[in-house]
J.: 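Right, I'll just put the structure down here and ask away after.
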Amino acid sequence: MLQLLNVTRRFGKKTVLKDLTYTFPARGIVALMGPSGCGKTTLLRLLAGLDRPDGGEVQSSYAKTAVSFQEPRLIPWLNCEDNIKIVLPKGNTSSETIAPILGALELSEAKKSLPSALSGGMKQRLSLARALAFGGDLLLLDEPFSALDEALKARIAPSLRAANPDGLTVLITHDPDDAELLGATVLHLTGDPVHALTPN
Amino acid sequence: MTNKKFYLPHWFFPLLSILFWVGLWWLIAWRFAKPLILPTPVAVLHRLGELLATAPFWIAVATSLVRILLGILLALAFGALLAWLTVKSRACHHLFSPLLALFKATPVASVIFLMLLWVGRDRVPLLIAFMMALPIVWSNLREGLLQTDRGLLEMAQIFAFSTAKRIRFIHIPSLTPYFLSACRSAISLAWKAGVAAEVLCVPQRSLGRAIWEGKQYLLTDDLFAYTLTVILLSVAIEAGTLALLRRGQRHERKEEKSDAATA
């Protein structure tokens with residue numbers, strides 16, 4: 001269960017989220033949508049436990065949270081394969097374990113490349129691959145498709161849909177088509193400051 | 001007609017520059033013809049050759065090296081500790097920052113004479129090398145810690161990196177350029193200040209004492225030969241340290257690649 005209870009978050013004098021209360025479904029895919037700067041990433045950071053609310057509470061019963069950040073946050077001195085291996089538990093880091101994930105995200109050819117040699121889209125896919133390989137039951141994705149073309153989105157969408165069947169995936173997107181592609185339930189951040197998550 | 005390009009080796013221009021300046025030195029020494037004031041390069045090299053065959057020369061080199069390098073090593077250890085403390089704790093930052101400013105601003109000669117009174121002549125060069133290197137190591141490593149990518153640290157938090165994994169795969173690689181820069185600046189400065197402390201405190205069996213004796217007894221060839229030794233050692237220590245660190249860095253990168261699998 002993932003629950004927001006009267007969550008408020010301020011940055012200086014600006015209130016971004018105000019008394020936000022919402023209970024997410026236990027499983028499935030939820031897409032958060034709203035205008036730029038409305039507080040989507042702020043909300044995702046609160047859900048990930050990277051930030052604390054100024055008021056209220058975020059309650060999560062999920063054991064393991066994986067995040068694909070808006071900026072890929074790859075370790076620059078490790079190659080693609082090692083950037084994934086490093087988040088895996090000991091004993092589960094063979095190249096054979098990682099190969100299907102790299103394959104699904106069309107990164108097999110680049111597995112020995114350093115992040116500096118990758119395009120923006122490849123970096124984003126590697127960040128996704130890392131989150132999928134980690135295997136959390138709460139999967140948080142901040143604009144996972146923003147640097148990908150339509151054809152590539154369509155090819156990797158099935159992997160994302162199947163990634164977390166028993167848990168909850170929350171993604172941020174600006175594009176309703178992305179939400180549709182993943183079969184996600186859309187929630188709009190409404191109000192200024194945001195005080196509700198309203199379904200489509 | 002073929003258009004072949006001719007490339008000079010990388011050492012050609014540095015060598016040409018050294019030859020120019022040594023040539024100028026030789027010309028001035030030859031023109032004034034006062035070997036007590038300015039000996040010729042040939043006389044200095046001849047004297048250095050003689051000294052190289054004597055045991056006291058090597059004892060002085062070894063003693064000075066050990067004293068000053070120990071000071072630098074202590075500065076590396078304490079500088080790293082202070083950098084970490086002052087980044088982690090605001091109270092420590094406020095407590096130790098004036099000390100950093102004091103170390104940077106105090107004239108080295110004053111400290112040498114004070115130390116001479118407090119700790120005795122044999123320990124002064126070590127402490128001076130320590131005091132000269134400490135602020136450089138401290139401020140460089142502190143800056144390195146502050147500049148560590150916050151995004152990577154958050155990523156490490158999300159993916160539950162252990163402390164050892166975080167240090168090995170994020171902190172150490174991020175700090176390495178700052179550490180190399182600190183070593184480059186600190187070693188040459190501490191070495192020169194350490195030898196200056198030896199010249200002023202004249203501890204037994206030291207390069208500084210040999211330089212002081214050269215000046216005291218007008219043994220100008222000795223003065224120049226020992227000074228040349230100090231310069232050559234400074235260059236060798238800096239080059240050796242950087243080569244070692246770079247080698248370590250390359251080895252570390254290779255290990256990181258293989259250990260990412262098992263970490």
Side-chain angles (χ1 to χ4, degrees), chain A residues 41 44-52 60 62-98 111-115 123 126-136 138-142, chain B residues 80 87-90 140-141 143-183 242-263:
Chain A
T41 298
L44 202 82
R45 288 177 61 81
L46 290 169
L47 297 178
L50 289 171
D51 202 359
R52 286 167 186 245
S60 172
Y62 294 100
K64 210 171 165 190
T65 303
V67 180
S68 173
F69 298 93
Q70 200 171 359
E71 332 75 56
R73 301 193 186 185
L74 304 168
I75 298 182
W77 32 88
L78 295 182
N79 68 29
C80 291
E81 201 174 57
D82 291 335
N83 259 291
I84 295 177
K85 282 180 181 175
I86 200 161
V87 304
L88 298 178
K90 273 183 185 175
N92 194 25
T93 58
S94 67
S95 296
E96 291 75 37
T97 315
I98 294 158
K111 65 180 180 182
K112 296 293 177 195
S113 303
L114 288 173
K123 284 179 189 168
L126 182 57
S127 170
L128 262 176
R130 181 177 60 189
L132 298 185
F134 185 64
L138 176 59
L139 184 56
L140 305 172
L141 312 173
D142 196 347
Chain B
V87 166
K88 286 286 163 194
S89 154
R90 192 176 283 269
N140 269 43
L141 291 186
E143 186 59 22
L145 283 170
L146 290 172
Q147 293 302 323
T148 304
D149 188 340
R150 302 287 122 188
L152 286 184
L153 294 176
E154 279 190 351
M155 181 277 295
Q157 183 188 336
I158 284 293
F159 294 113
F161 279 27
S162 64
T163 306
K165 200 191 265 191
R166 200 176 2 241
I167 289 172
R168 170 121 192 244
F169 289 98
I170 297 176
H171 284 300
I172 290 179
S174 303
L175 278 176
T176 303
Y178 293 89
F179 185 70
L180 285 174
S181 161
C183 283
L242 290 178
L244 266 177
L245 287 169
R246 290 211 176 101
R247 195 173 163 181
Q249 196 181 5
R250 278 198 295 274
H251 178 70
E252 182 72 14
R253 291 274 157 87
K254 275 184 195 163
E255 291 229 318
E256 273 165 9
K257 282 181 185 172
S258 58
D259 285 7
T262 52

J.: Could you check I75(A) against M155(B) for side chain to side chain contact (heavy atoms under 4.5 Å, CB included), going step by step and ending with a plain yes or no?
T.: CA-CA 9 Å; I75(A) 298 182; M155(B) 181 277 295; 3.7 Å; yes
J.: For the residue pair F161(B) and I86(A), establish whether any side-chain heavy-atom pair is separated by less than 4.5 Å.
T.: yes
J.: What part of S162(B) lies closer than 4.5 angstrom to a heavy atom of chain A: side chain, backbone, both or neither?
T.: neither
J.: Using heavy-atom distances under 4.5 Å, tell me whether R45(A) contacts chain B through its side chain, its backbone, both, or neither.
T.: side chain
J.: So does F169(B) get a backbone contact from the side chain of W77(A), meaning a donor-acceptor N/O pair under 3.5 Å?
T.: yes
J.: Measure the spacing between CD1 of I170(B) and CG of L78(A) and express it to the nearest 0.5 Å.
T.: 9.5 Å
J.: For E154(B), which atoms come within 4.5 Å of any heavy atom of chain A: side chain, backbone, both, or neither?
T.: both
J.: Could you tell me which portion of I84(A) (side chain, backbone, both or neither) has an atom closer than 4.5 angstrom to a non-hydrogen atom of chain B?
T.: neither
J.: Going from CD1 on I158(B) to CZ on F134(A), what distance comes out if it is rounded to the nearest 0.5 angstrom?
T.: 8.0 Å
J.: Would one find more than 12 heavy atoms of other residues, nucleotides or ligands at under 6.0 Å from atom CZ of R150(B)?
T.: yes
J.: Count the heavy atoms belonging to other residues, nucleotides or ligands that lie under 6.0 Å from NZ of K112(A), then report whether that count exceeds 12.
T.: yes
